[in-house]
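All remarks here apply to the structure that follows.
Every number for a ligand or one of its atoms is a count from 1 in the order of the listing. This is a predicted model, so every value here is computed, not measured. Hydrogens, waters and symmetry mates are skipped; everything else that's a heavy atom, side chains included, is used.
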Amino acid sequence: MKFRNFKMVDYVIYGHGSFNQLDEILAPHRKGDAPMIFLVDHYFEKGAATGDGKPLVNRVPLRGKDKIIFADVTYEPKTTQVDKLAKQLKDEFGTVSGVIGIGGGSTLDLAKAVSLMMTNPGSSADYQGWDLVKQAGVYKVGIPTLSGTGAEVSRTTVLTGPTRKLGMNSDFTPFSQIVLDPELIANAPVNQRFYTGMDCYIHCIESLEGTYLNEFSKSYGEKALNLCQHIFLEKDSWDTECDEKLMMASYAGGMSIAYSQVGVAHAVSYGLSYLLGTKHGIGNCIVMNHLEPYYPAGVAEFKKMVEKNKIDIPVGICKGLTDEQFDTMINVSLGMKPLWENALGKDWEKIMTRDKLRALYEKL
Ligand code: NAD
Ligand code: ZN
């Protein structure tokens with residue numbers, strides 16, 4: 001057996017107000033007058049504040065030629081968007097000292113990809129796959145303002161390209177530094193917080209119920225699951241402790257899938273996202289709602305969480321789709337081979353037939 005030797009994030013800072021240390025964290029990584037580029041989720045453009053009540057943009061430690069670019073995450077990141085941002089930076093500055101992503105999973109992924117495309121030639125679409133990236137990117141920092149995706153710890157950046165939705169999975173992809181400040185997720189709207197939080201819960205179920213599981217993944221997965229259960233089921237109202245726990249759940253859930261894989265919910269939700277543009281968090285929830293046959297206990301608990309937190313999960317999103325559209329989703333989904341193998345074992349193709357998957361999509 002050959003074991004994976006995976007690269008992790010280089011530095012982690014955690015704690016309320018740790019964002020205030022960003023200036024000193026960046027200082028040793030500044031190269032001459034090459035600027036730091038802050039890629040900030042466009043949600044913060046109009047002065048939205050985080051837990052301390054101050055607009056986040058006013059707290060970005062700009063120096064010299066540093067620049068804030070607001071990341072438009074109306075749609076999940078595309079290779080064209082990454083290429084455009086990298087070109088813009090090369091044209092304007094030649095080189096930059098670093099890229100700092102501040103936002104949800106989409107902004108974090110954009111920051112990772114732009115950092116890589118500052119040093120790797122061609123288009124980011126050329127690197128969608130496994131271990132295709134050849135050069136380290138520029139210094140990159142991830143600062144989540146939503147927690148759940150695990151994008152802060154993963155070795156991928158999920159991008160929609162001309163022919164597929166696939167990550168740039170490589171040892172060069174993880175962040176050089178992450179700043180985990182629970183204050184930054186404190187003001188997230190209830191629904192968005194739930195959808196992104198459930199991404200983490202679903203990562204745990206898919207990892208813990210998967211055939212790839214080992215003790216490394218299990219230890220992180222169980223911890224993340226406990227944290228999710230505590231905040232989404234046991235607590236009566238959301239408070240600071242929930243922000244702290246959700247932030248660590250996302251981290252541990254991400255660490256769990258790093259050494260295993262996700263499963264059915266993700267494989268099916270990728271099809272929705274590719275065809276209908278359904279966002280990752282809500283898409284996973286829409287699918288999870290119908291996965292009793294695969295994850296009976298997890299789905300029952302998920303439904304309790306939905307009810308307790310008074311969330312509406314959309315239904316009927318595949319109504320009226322054509323055969324061709326169903327086929328597109330089925331093709332995208334069945335293309336996620338490692339996810340199916342993790343979920344259903346080596347013989348997954350005999351279990352998850354096209355007809356069965358079509359029937360599942362029709363229920364959504
Ligand atoms: P998101 O980043 O797509 O953001 C969702 C919405 O919330 C956006 O409108 C954004 O502007 C807004 N937002 C961000 N922070 C906010 C805040 N504090 N308050 C209010 N609104 C805020 O959502 P997400 O669920 O964090 O991320 C999903 C993305 O993550 C997808 O693109 C998915 O592909 C990616 N992802 C990546 C990995 C990975 O390992 N790289 C894993 C899972 C998901
Ligand atoms: Zn996910």
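With distances taken over non-hydrogen atoms, the option nearest atom 3 (O) of ligand 1 out of Ser106, Gly150, Ala71, Gly103 is Ser106. Comparing heavy-atom distances from atom 14 (C) of ligand 1 across Thr157, Asn169, Asp41 singles out Asp41 as nearest. Checking Tyr270, Phe44, Tyr43 against atom 19 (N) of ligand 1, the nearest heavy atom belongs to Tyr43. Scanning Thr173, Leu56, Thr149, Val262 for the heavy atom closest to atom 28 (C) of ligand 1 points to Thr149.
The atoms of ligand 1 that sit less than 4.0 Å from any heavy atom of His280 are 31 (C), 33 (C), 43 (C), 44 (C). Interface atoms of ligand 1 facing Glu76, defined by a heavy-atom separation under 4.0 Å, are 31 (C), 32 (O), 34 (O). Shown in contact with Gln192 at under 4.0 Å from a heavy atom are these atoms of ligand 1, numbered in order with element: 5 (C), 6 (C), 7 (O), 23 (O), 25 (O).
Between Ile351 and Lys356 there is a side-chain heavy-atom pair separated by less than 4.5 Å.
Looking at ligand 1, you'll find an N or O of Ser154 within less than 3.5 Å of one of its N or O atoms. For ligand 1, the polar-atom distance check against Asp109 finds a nitrogen or oxygen pair separated by under 3.5 Å. Close N/O approach between Thr196 and ligand 1 is found [any backbone or side-chain N/O within under 3.5 Å]. Considering backbone and side-chain N/O atoms, Thr145 comes within less than 3.5 Å of an N/O atom of ligand 1.
The closest approach between any non-hydrogen atom of Thr156 and ligand 1 is below 4.0 Å. Under a 4.0 angstrom heavy-atom cut-off, Tyr195 registers as lying outside contact with ligand 1. Distances shorter than 4.0 angstrom do not occur between any heavy atom of Val153 and any atom of ligand 1. Distances shorter than 4.0 angstrom occur between a heavy atom of Ala188 and an atom of ligand 1.
Residues Tyr251 and Tyr220 keep their aromatic ring centres 6.0 Å or farther apart. For Phe38 and Phe44, the distance between ring centers is not under 6.0 angstrom.
Here Ala151 has heavy atoms under 4.0 Å from ligand 1 in both its backbone and its side chain.
A donor-acceptor pair under 3.5 Å is absent between the side-chain atoms of Thr160 and the main chain of Lys165, judged by distance alone. Looking at Asp109, its side chain does come within 3.5 Å of a backbone N or O of Val158 through a donor-acceptor pair. Side-chain N or O atoms of Ser250 include one that pairs as donor or acceptor with a backbone N or O of Gly150 at under 3.5 Å. A donor-acceptor pair is defined here as one N or O able to donate and one able to accept, closer than 3.5 Å; no such pair exists between the side chain of Thr196 and the backbone of Gly281. Using modelled atom types, one side-chain atom of Glu76 and one backbone atom of His280 make a donor-acceptor pair closer than 3.5 Å.
The neighbour count for Arg63 CZ, taken as heavy atoms of other residues, nucleotides or ligands under 6.0 Å away, does not exceed 12.
Within His280, the N, O or S atom at minimum distance from the Zn ion (ligand 2) carries the name NE2.
At least one N/O/S atom of His203, whether from backbone or side chain, sits less than 2.8 Å from the Zn ion (ligand 2).
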Next on the checklist: Set out, in order, the CA-CA distance, both residues' side-chain angles and the distance that settles ring-ring contact (aromatic ring centres under 6.0 Å, His included) for Tyr274 and Tyr270, then state yes or no.
Outcome noted: CA-CA 6 Å; Tyr274 188 81; Tyr270 266 83; 9.8 Å; no
Next on the checklist: For a ring-ring contact (aromatic ring centres under 6.0 Å, His included) check, start with the C-alpha distance between Phe6 and Phe216, then their side-chain angles and the critical distance, and finish with the verdict.
Outcome noted: CA-CA 12 Å; Phe6 69 84; Phe216 183 100; 5.8 Å; yes
